[in-house]
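Heads up, the thing below is written out as structure tokens.
Since this is a predicted model, take the numbers as computed values, not measurements. Side-chain atoms are counted along with the backbone in the values below, which use heavy atoms only and exclude waters and symmetry mates.
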Amino acid sequence: RKVMVVRCGMATKAIHRAVEPFLPAGTVAKCRLFGWCAEEWLQELQAEMPGVELPPFLLRDDDEALTLAEPKGGMCPSGAAAAFATSKFANEAAHARGCGPHHPGFSPTQVGL
């Protein structure tokens, strides 16, 4: 079994990297964090779940697929992601990656953030 956390922000990934040396090797091998681009996790997720029809929001990064995600906005408090999405830090980070919630046409309100 594996834990795959997708669409993580840079801060979450940095915290994970900081605590990783203190975790047992077996735990580290089972826990994977991925950024906003589906291409980062898609191949590994499909290998872990052969024959399973994955929902569109796990396969693609487009507005239509993200709109179908349930629960809307995930488990974060209502409005938290929208506030981050408009921050200078998030904008610069997403622009550098060329994908994510800041790609042209994405609106946090469209996916319930």
Compare every heavy atom of L42 with every heavy atom of L58, then report the nearest pair and how far apart it is. O-CD1, 3.8 Å
Listed by chain and number, what are the salt bridge (charged side-chain N to carboxylate O under 4.0 Å, His left out) partners of K2, not counting sequence neighbours? E44, E48
Are L59 and V6 co-members of a hydrophobic cluster defined by side-chain heavy atoms under 4.5 Å apart? yes
Joint cluster assignment, V28 & I15, ILVMFWY side-chain distance < 4.5 Å: no
With rounding to the nearest 0.5 Å, note down the distance linking NE2 in H16 to CG in L33. 5.0 Å
Supply the members, apart from F22, of the Ile/Leu/Val/Met/Phe/Trp/Tyr cluster built from side-chain contacts under 4.5 Å; use none for a lone residue. none
Would E20 and T27 count as a side chain to side chain contact (heavy atoms under 4.5 Å, CB included) here? Give the steps. CA-CA 9 Å; E20 202 172 70; T27 300; over 6 Å; no
Taking W41 for its side chain and Q46 for its backbone only, find out whether a donor-acceptor pair lies under 3.5 Å. no
Grab the two heavy atoms, one from A65 and one from P56, that are nearest each other, plus how far apart they are. CB-O, 3.5 Å
What's the separation between atom CD in Q43 and atom CG in L45, rounded to the nearest 0.5 Å? 11.0 Å
Count the heavy atoms of every other residue, nucleotide or ligand shown that sit under 6.0 Å from NZ of K30, and state whether that count exceeds 12. no
Does some side-chain heavy atom of D61 sit less than 4.5 Å from a side-chain heavy atom of R7? yes
Residue pair E40 / G35: nearest heavy atoms and the distance that separates them: OE1-N, 2.8 Å
Minimum-distance pair of heavy atoms, taken over all atoms of F34 and M4: CE1-CE, 3.5 Å
Side chain to side chain contact (heavy atoms under 4.5 Å, CB included), that's the test. Do R32 and V3 meet it? Break it down for me. CA-CA 6 Å; R32 302 268 292 140; V3 174; over 6 Å; no
Treating T67 as the side-chain partner and D63 as the backbone partner, does any N or O pair qualify as donor plus acceptor under 3.5 Å? yes
